[in-house]
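What follows is a single structure, written as C-alpha cells, with notes after it.
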Amino acid sequence: MYDFKKIEKKWQKIWEDKEVFKAVNNSDKPHYYILVEFPYPSGSGLHVGHVRSYTAQDAKARMKRMQGYNVLYPMGYDSFGAPAEQYAIKTHQHPAKVVEQNVETFSKQMKSIGFSFDWSRAFSTSDPEYYKWTQWQFLQFYKMGMAYKADVPVNWCPTCKTVLSNEDAAGGVCERCGSSVELREKSQWMLKMSDYAEDLLNGLEDTNFADRVKLGQINWIGKSTGASVVFNIKEVDDTLEVYTTRPDTIFGTTYMVISPEHEYLEKYKDVIKNIKEINKYQAEARKKSELERTELNKEKTGVKIEGLTAINPITEKEMPIFVSDYVLSTYGTGAVMGVPAHDTRDYEFAKKFGLDIIEVIEGGDISKEAYTGDGVHVNSDFLNGLNKEDSIKEIIEYMEKKKCGTKKTNYKMRDWIFSRQRFWGEPIPMIYCDKCGWVPMNEEDLPLVLPDVPNYEPTENGESPLAAIPEFVNCKCPKCGADARRETDTMPNWAGSSWYFLRFMDAHNTQEFASMDAMKYWDKVDWYNGGMEHTARHLLYARFWVQMLYKLGLVPNKEMIWTRVSHGMILGSDNQKMSKSKGNVINPDDIINEYGADTLRLYEMFMGDYQMDAPWNIDSLKGCKRFIDRVIKLFDKVNDKEGFTKDVVVLQNQTIKKVQNDLSDLGFNTAVSTLMILANKYDELDSITKDDYRLLLQLLNPIAPHFTEEMNEKLGFEPLYATAWPEYDEAKTVENEVTIAVQVNGKLRATIKVDKDIDKDELLKIAKNEENVQKFLADTEIVKEIVIPGRIVNIVVK
RNA sequence: GCAGGUGUGGCGAAAUUGGCAGACGCGCUAGACUUAGGAUCUAGUGGAGUAAUCCAUGGGGGUUCAAGUCCCUUCACCUGCACCA
C-alpha cells in the first residue's frame with residue numbers, strides 16, 4: 001500500500017537535502033532560464049491558478065535538467081503593494097510582518113507541491129537587500145535624466161486616497177476598489193517612458209514573444225503617423241497647433257476644438273469675450289470623472305470661444321474655435337481641427353452645433369454619417385483626384401514648403417507616473433533642499449529603509465503616510481548639508497517586478513544588483529510564463545526598465561526576455577472566475593491532503609489546453625488519481641526479462657517523441673493522454689520488463705515527480721532526477737504495418753493494413769480489391785485515383 | 001466602435017497542420033466481484049436506422065479528389081483598449 005503523503009515528503013526532503021535543483025552560474029552545461037511570474041503573497045495563500053503555471057514550467061524544467069541543461073527555475077515574492085498594507089492596517093500589524101507570514105505560507109505550500117525551484121535564490125521585493133537596488137537603479141535613471149518631477153493631472157481614487165497610473169485606472173475605475181476615479185493636479189515623479197516608445201516597438205524584433213503578446217505591446221504603445229499643422233489666430237499674434245493623421249482632409253476643416261485644459265484659455269482670458277461661460281465649462285469637465293467622460297461619450301458638449309478665430313493655413317478661410325472635452329489634453333497638442341465629413345466624432349459635434357460639413361473625399365453619404373474611408377479627393381484644390389495615401393504625401397510636402405505644418409509621429413503611451421502616496425513601497429531616494437532643489441541620495445546610504453512605526457494609514461490630504469513621520473522626513477541635504485526633507489512618496493508595485501528576473505541570475509550579490517558576468521552567462525530569460533493580464537503593462541514596464549539599464553551599460557542585452565507565453569485561468573466548477581464571494585474557490589492544500597500533490601499536478605496539466613481557461617472538475621481530478629493508482633499497480637506486472645518488450649517498442653518511441661515535444665511547447669494535456677495510452681497498452685500485456693516500466697516512470701516524472709521516483713527506487717534504479725532523459729529513434733516511431741483509409745468519392749469504404757513501404761500501385765491494387773470498395777466501384781467510371789502513401793487512397797468515380 | 005480570441009458529443013477536450021472527426025479522460029449504461037460500494041475489473045457509449053448506410057465540428061456559401069483545418073459571409077460569447085484626432 002502506498003502512502004502518498006509519506007512518499008511526497010520523503011522525496012521533497014531528498015531533493016532539498018541534495019540540492020538537486022540548484023542552478024550553477026558558469027556551468028559548462030548549456031543554460032536554460034525558465035521564469036514564472038512570482039506571486040503576490042496575499043493572505044489567502046496559493047491559488048490553484050499558480051499551481052497550473054508553476055507545474056507546467058516545473059515539468060519543462062525537470063525535463064530540461066534530465067536532458068543535460070543547467071536550468072535556472074527561480075521563485076520569489078512581489079511583496080510590496082496595497083493589499084498587504086491594507087491588511088496590516090486592519091489587523092494592526094506591520095506590513096513587513098504580514099508579508100513574512102504570507103511568504104512562509106506560500107513557500108510551505110509550494111514546497112508541498114514539489115516544484116523544482118532553486119530556493120537558494122529566493123527573495124522578496126520588500127527585502128531591503130533587494131529594494132536597495134531598486135532604489136539604486138532609480139537614482140541611475142534620475143542621473144541620466146529619465147526621472148523628473150511634474151505637476152500632472154492624475155487619476156485620484158477618493159477611496160484609496162491615492163494616485164493611480166493610467167493603467168491602474170483603466171476605464172475610469174480604480175482597479176483595486178472599483179471607485180470612480182477623479183482628476184487632480186499633483187506633483188509626481190515621472191519616468192520618461194515616451195522617449196522609449198520607438199525602442200520598445202523595435203525591440204520586439206529581438207524577442208520571440210507570441211504574436212498576441214507582441215500585438216498587445218504594439219497596441220499599448222499606439223504609434224500613429226500624421227502631421228502637425230499650425231493655424232494662425234486672427235485676433236492675437238499667435239498660432240494654434242494641432243495633430244492630425246488625416247492632413248489630406250484639411251480642405252474639409254470647418255472649425256477647431258481645444259481641450260478644457262488648454263493653456264490658451266488662461267493665456268487669452270482677456271481676449272475671450274465669454275470667458276465666464278468657458279470657465280464654467282472647464283469646471284464641469286474637471287468634475288467629470290474619466291468614467292463619466294467615456295460613458296457619456298454619445299452626447300458631445302462644448303462652448304464656442306467668442307473672440308478667437310482660426311485661419312486655415314491652406315485655404316485662408318476663417319473658422320470658429322470651440323472648447324470641448326472630447327478633445328484630450330494629454331494626447332497630441334490638446335487641439336484638433338474639425339473635419340466633420342470625415343471623422344465620426346467631429347461629425348457628431350458638428351451636427352450638435354450646426355456647423356458646416358464639407359465633403360472632400362468621395363465614397364460615403366455625408367448626409368448620414370462621416371465617411372472615414374479612402375477615396376478620390378474633391379473640393380480640395382490641388383489634391384483633387386488623388387487618393388488618401390497620395391494626398392497625405394502631397395499636402396505634407398506643401399505644408400512643409402509653406403512652413404505651416406510638418407510630418408509628425410505620435411504615441412498613445414505616456415510617461416510613467418512613478419509616485420504612490422503609500423507606505424508599503426520602495427521609498428524614492430530623493431531629498432528636497434530649499435537651496436539645492438531635488439538632490440539624489442548618496443548611493444552609499446542606500447537602502448533607504450521604511451521606518452518601523454505603528455501608524456502608516458493614508459493621510460486625509462492624500463500625502464504619503466511617510467510625510468507624517470518626522471524622523472523619516474527630516475534629513476540633511478547631501479550636497480550642502482543644510483536641513484532638508486525627504487521625498488515621502490514610494491514607488492509603484494511595478495517597480496520591483498521590472499527587474500526581478502535579473503536579480504535571480506545573481507541573487508546574493510552584495511556589490512551589484514547582478515554582476516555583468518552572471519547576466520552574460522545566463523544571457524536572457526529563455527522562457528517567461530505569466531498571466532494574460534500582465535502581457536501588456538508589466539511586460540512593457542520590464543522591457544522599458546531593461547532598456548534604460550542597457551543604455552547605462554548595466555545589462556548585456558537590450559531585451560532580456562526571449563520568449564513570453566501565457567496561461568489560461570482556472571475557473572470554478574460553475575465556469576465563473578474563482579472568488580470568495582461566489583464560494584467556488586478551490587484551495588490546493590485540500591486537494592493535496594486528500595489526493596496528493598502528484599494528482600493535483602497531473603490533473604492541472606490534463607484539464608485542458610494550457611493557454612485557455614478551464615473549469616475545475618473534481619471528477620476529472622479523481623480520474624487522474626485513478627491513473628496514478630493504475631501506474632503503481634503496473635509494478636506487479638514487472639517480469640525479470642531484459643530490455644524492452646518487442647510489441648511496444650514503436651509505441652514507446654512514439655511516446656518519448658510526443659511527450660518531449662509536448663512538454664517543450666505547452667502541450668501538457670496531450671502529453672498526459674499520450675502517457676495514458678502507453679499505460680493502457682502495458683495493462684493489456686501479461687507482463688512488462690523493468691525497462692518498460694521505468695520508461696513510463698521517466699516520462700511521467702516531470703509532471704508527477706514523487707510517486708514516479710518512489711516506484712523507480714522500488715525497481716532498484718538510481719533516482720530519476722539523476723538520470724538522462726530517454727532518447728527515441730525516429731525510425732522506430734513508425735509501425736511496419738500501417739492502416740490506410742480507402743475512400744470512394746471522399747467517403748470511407750474500407751480500411752486496409754499494408755506494409756509501410758508499399759509502393760503506390762500495389763497499394764491502389766489492394767485498395768480496389770476490397771469487397772466494399774468493389775461494391776462502390778461497380779458500374780462506374782473511374783475519373784481519378786489519389787494515392788497518398790501512409791495516409792489515404794481516394795478513388796473518384798462517375 | 002476598434003483589436004485579439006473562442007465556438008467540435010452529456011462534460012473537459014484531441015485531430016500528425018488539407019487526408020479515417022471525437023484520441024485521452026470524466027460522466028453515463030450493462031455486467032462481474034463483493035455483506036456493502038461513491039473501490040476495482042469487463043463491455044458499450046456523437047445522432048438516426050434492424051441493417052446496408054446516412055447525418056454531424058455555431059449558421060450560410062465557396063475552393064478541392066478530400067475541409068474542424070483554406071477563402072468569403074453571418075451569428076454568438078469571452079478578453080483587452082476605448083472620444084488617441
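A, B, ... follow the sequence lines: proteins, then strands. Residue 1 opens every chain. Just so we're clear, the structure is a prediction, and the values are computed from it rather than from any experiment.
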Which is true for A/Lys408 with a 4.0 Å heavy-atom rule: it touches a base, it touches only sugar-phosphate, or it touches nothing? nothing

Checking N1-N3 plus N6-O4 or O6-N4 for Watson-Crick, or N1-O2 and O6-N3 for wobble, each under 3.5 Å, the partner of B/rC81 is B/rG1

Taking N and O atoms by type only, does the side chain of A/Asn794 place a donor or acceptor under 3.5 Å from a partner on the base of B/rC65? yes

Would you indicate what A/Lys633 reaches in the nucleic acid, counting non-hydrogen atoms under 4.0 angstrom: base, sugar-phosphate, or nothing? sugar-phosphate

Could you give me the CA-CA distance, side-chain angles and deciding distance for A/Phe349 and A/Phe322, then say whether ring-ring contact (aromatic ring centres under 6.0 Å, His included) is met? CA-CA 10 Å; A/Phe349 191 81; A/Phe322 286 80; 5.2 Å; yes

Between A/Ser224 and B/rA85, does any side-chain N or O lie under 4.0 Å from OP1 or OP2? yes

Using a cut-off of less than 4.0 Å, is there contact between a side-chain N or O of A/Asn680 and OP1 or OP2 of B/rG25? yes

Over all atoms of both residues, closest heavy-atom pair of A/Gln217 and A/Arg543: OE1-NH1, 2.7 Å

I want to verify a distance call: between B/rU53, B/rC20, B/rA23, whose nearest atom is closest to the A/Ile677 side chain? B/rA23

Report yes or no: is the cationic atom of A/Arg749 (NZ for Lys, CZ for Arg) closer than 6.0 Å to the six-membered ring centre of A/Phe776, at no more than 45° off its axis? yes

Take atom C1' in B/rG19 and the same atom in B/rG25, then report the distance between them in whole Å. 26 Å

With C1' as the reference atom in both, quote the distance from B/rG46 to B/rG68 in angstrom, rounded to an integer. 15 Å

Respond yes when some side-chain nitrogen or oxygen of A/Tyr331 is under 4.0 Å from OP1 or OP2 of B/rA85, and no when none is. yes

Each nucleotide N or O in nucleotides 44-49 of chain B that has a protein N or O under 3.5 Å away: list the pair and distance.
none

Answer with base, sugar-phosphate or nothing: what part of the nucleic acid does A/Ile788 contact at a heavy-atom distance below 4.0 Å? base

Write down the distance separating the P atoms in B/rC28 and B/rG10, rounded off to the nearest Å. 16 Å

Map A/Asn669 and A/Ile792 onto RNA chain B by nearest heavy atom, then report which one ends up closer to the 5' terminus. A/Asn669

Syn or anti conformation of B/rG9, syn meaning chi within 90° of 0: syn

Hey, does A/Asn745 reach any base, or is it just sugar-phosphate, or nothing, if we go heavy atoms under 4.0 Å? nothing

Under a 3.5 Å cut-off for both distances, is B/rU45 Watson-Crick or wobble paired, and to whom? B/rG27

So, is A/Asn772 close to the B/rU53 phosphate, meaning a side-chain N or O under 4.0 Å from OP1 or OP2? yes

Please state the P separation for the pair B/rU69 and B/rA56 - nearest whole angstrom. 13 Å

Assign A/Thr245 to base, sugar-phosphate, or nothing according to its heavy-atom contacts below 4.0 angstrom with the strands shown. sugar-phosphate

By nearest heavy atom, map A/Ser620 and A/Asn410 onto RNA chain B; which one lands nearer the 5' end? A/Ser620

Would one find a side-chain N or O of A/Arg626 under 4.0 angstrom from OP1 or OP2 of B/rC26? yes

Say you pick atom P in B/rC83 and the same atom in B/rU6; how far apart are they, in whole Å? 27 Å

